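Some notes on the structure that comes next.
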2 protein chains.
Amino acid sequence: MSKAEQNPANGEHDRDFSVMFAALGDPTRLAIFDRLADGKPRSISVLSDDADMTRQAVTKHLRVLEGAGLVQSHKVGRESQYAFCPEQLAQARAYLDQVAGRWETALMRLKTFVEGDDS
Amino acid sequence: MSKAEQNPANGEHDRDFSVMFAALGDPTRLAIFDRLADGKPRSISVLSDDADMTRQAVTKHLRVLEGAGLVQSHKVGRESQYAFCPEQLAQARAYLDQVAGRWETALMRLKTFVEGDDS
DNA sequence: ATTAAATGCAACCAGGAGGTTGCTTTATGT
DNA sequence: ACATAAAGCAACCTCCTGGTTGCATTTAAT
């Protein structure tokens, strides 16, 4: 859309955030992310154990989450542990806060206008 | 997965939020949403004018956003105006805040533990 | 009344997402 | 040394998503 297209930086901006939101936009992935929010790293097997899908499927989801920066993995021995990664979450929160802020200030302006504050 | 599956309410919980995140998980849609955050309702034509895609495509995106409750539409005359809808955004923010909160308390607990607070 | 604008509807299409199966590789435990 | 557990890789399949085109409908403007 224009406002994003006209400002090239904003386009990339949107794309970056959309990647993260897309990562959270799948119920399975959101559940995994939610589960990891207790800080405890978990192996793929552990995360797959009580899932109603294959280990490979879970692996793919974890890769997506990692690609979005929402989760980090490091191999320990033969297993790879996935752990919560708070930076991107903070980014997401900041973005939503910013949007909400724009909305609220716009609402304020409208309110004072409609109240006849024509000073 | 399990923790969500075992608690049926939590499963629905995740699904609901995932719908909203999925709606924001497309760069085009995120750009539209971002643009509408100034409070001004816009018609489909206006939103399509400077988009690099068909009006139909934009319409579909708007329907998705509306389905997620992020945007509301009402017909005025021959055109349908789409406007920002802040409630769901607030929900999303609250959810992310809650997740971040869980993470931080977990971090706290770990820190006090590792500091040898074995009282 | 006619023309033009704004939208809706439906069919269609290519590609990617989510998932599976089968096999290989790399560590662990005994 | 050997069996087993954890994970990686690759091919494959199905279905949904993002996008298109073509035509019909409703409303506004002249």
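Quantities reported herein were computed from a predicted structural model and do not represent experimental measurements. A note on names: the letters A, B, ... follow the listed sequences, proteins ahead of strands, and every chain is numbered from 1.
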Inset, instruction - Assess whether one donor atom and one acceptor atom, taken from the side chain of A:Q56 and the base of C:dG22, lie less than 3.5 Å apart. - result: yes

Legend entry - Residue list, side chain to side chain donor-acceptor pair (under 3.5 Å) with A:R78, at least two apart or on another chain: none

Legend entry - Partners meeting salt bridge (charged side-chain N to carboxylate O under 4.0 Å, His left out) with B:D38 (sequence neighbours left out): B:K40, B:R42

Inset, instruction - Can you sort out the partners of A:E66 under side chain to side chain donor-acceptor pair (under 3.5 Å), two or more places apart, ordered by chain and number? - result: A:S73

Legend entry - Pairing residues for A:Q81 by the side chain to side chain contact (heavy atoms under 4.5 Å, CB included) criterion, not counting sequence neighbours: A:P41, A:S43, A:H74, A:V76, A:E79

Legend entry - Rounded distance [0.5 Å steps], CG in A:L70 versus CG in A:L36: 10.5 Å

Using distance only, find each side-chain donor-acceptor pair of residues 53-64 of chain B under 3.5 Å and give its atom names and separation, not counting sequence neighbours.
from  : atom 1 : to    : atom 2 : distance (Å)
B:T59 : OG1    : B:R55 : O      : 2.9
B:H61 : ND1    : B:R29 : NH1    : 3.4

Legend entry - Distance (rounded to the nearest 0.5 Å) between B:D26 CG and B:I32 CD1: 8.5 Å

Legend entry - Pairs involving residues 28-53 of chain A, ordered by first then second residue, that meet ring-ring contact (aromatic ring centres under 6.0 Å, His included) (sequence neighbours left out): A:F33-A:F84

Inset, instruction - May I have the distance from A:M53 (atom CE) to C:dG18 (atom P), rounded to whole angstrom? - result: 10 Å

Legend entry - Under-3.5 Å donor-acceptor pair between A:R55 side chain and D:dG8 base: yes

Inset, instruction - Using whole Å, report how far CZ of A:R42 lies from C1' of D:dA6. - result: 17 Å

Inset, instruction - Residues of residues 60-76 of chain A with any non-hydrogen atom less than 4.0 angstrom from an atom of DNA chain D: list those, numerically ordered, please. - result: A:R63

Legend entry - Gap between atoms CG and P, on A:D52 and C:dG18 respectively (whole Å): 15 Å

Inset, instruction - Starting from the 5' end of DNA chain D, give me the residue, B:E79 or B:T54, whose nearest nucleotide shows up first. - result: B:T54

Please enumerate all protein N or O atoms sitting under 3.5 Å from an N or O of nucleotides 13-17 of chain D, with distances to 0.1 Å.
none

Legend entry - Straight-line distance of A:L30 CG to B:F21 CZ, nearest 0.5 Å: 6.5 Å

Legend entry - Whole angstrom value for the distance that separates C1' of C:dT7 from CG of B:L47: 13 Å

Legend entry - Residues in side chain to side chain contact (heavy atoms under 4.5 Å, CB included) contact with A:Q72, at least two apart in sequence or another chain: A:C85

Inset, instruction - Ignoring the backbone of B:S80, work out which of D:dA6, C:dG8, C:dG19 is nearest its side chain. - result: C:dG8

Legend entry - Angle by which the axis turns from one end of the helix from C:dA1-D:dT30 to C:dT30-D:dA1 to the other, five pairs per end, to 10 degrees: 30°

Inset, instruction - Determine which pairs satisfy salt bridge (charged side-chain N to carboxylate O under 4.0 Å, His left out) with at least one residue from residues 86-108 of chain B, sequence neighbours left out, and list them in order. - result: A:D34-B:R102, A:R93-B:D97, A:D97-B:R93

Legend entry - Between P of D:dG18 and CG of B:L24, the distance in whole Å: 12 Å

Legend entry - Side-chain-base donor-acceptor pair under 3.5 Å for A:R78 and D:dA7: no

